[in-house]
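Read through the structure below, which is laid out as structure tokens, and then see the notes.
The figures here come from the full heavy-atom set of this structure, side chains too, leaving out hydrogens, waters and symmetry mates.
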Amino acid sequence: MENKNKPNGNEIKIELTPEVAKGSYANLAVITHGPSEFFMDFIQLAPNMPQAKVQSRVIMTPENAKNLLFALSENVKKYEATFGEIKPRMPKNNPNQGNNPGELPNPFIMGGNA
């Protein structure tokens, strides 16, 4: 269990069950939205497999999606300040796999246009 401070100074207790604590691996995300919510489907995609299974779906308001964007951006900055820049990996055998020569497609693009 972990305590987090709320903006008004009160603490909120967050429970992390063992089932959720083990996590789910995802290497692809499909993000779509309607007028009042964002849907984020996290998927585990295996090479050379014709199907993939959604591991988890997270639905949130547009405001919370934007808060998540800022929080993730801040955490990436902190990570890079500690461990160095995160650089995209390029394939050694076929550098022309992505949309542009030498660029891999981004698996985390809105609407699944990876």
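From K66, atom NZ reaches atom CE of M60 across 14.5 Å, with rounding to the nearest 0.5 Å. Separation of atoms CG (L16) and NZ (K22) is listed at 12.5 Å; rounding is to 0.5 Å. Atom CD1 of I43 sits about 12.0 Å away from atom CD of Q51, to the nearest 0.5 Å. Between atom OG1 of residue T32 and atom CZ of residue F38 there is a gap of 9.0 Å, rounded to the nearest 0.5 Å.
At a threshold of 4.5 Å between side-chain heavy atoms, the hydrophobic network of Ile, Leu, Val, Met, Phe, Trp and Tyr places Y25 and L28 in two separate groups. Hydrophobic cluster membership is shared by F83 and I86, with clusters built from Ile, Leu, Val, Met, Phe, Trp and Tyr side chains linked at under 4.5 angstrom.
Using a cutoff of 4.0 Å between basic side-chain nitrogens and carboxylate oxygens, E74 and K77 are scored as salt-bridged.
Residues M40 and L68 form a side-chain contact, since some pair of their non-hydrogen atoms from C-beta on lies under 4.5 Å apart.
A donor-acceptor pair under 3.5 Å is formed between the side chain of Q55 and the backbone N or O of K53.
Each of V30, I59, V58, I31 was scored for a side-chain contact (heavy atoms from CB on, under 4.5 Å) with F39, with one residue passing: I59.
The nearest pair of heavy atoms linking P35 to P62 is O-CG, 4.2 Å.
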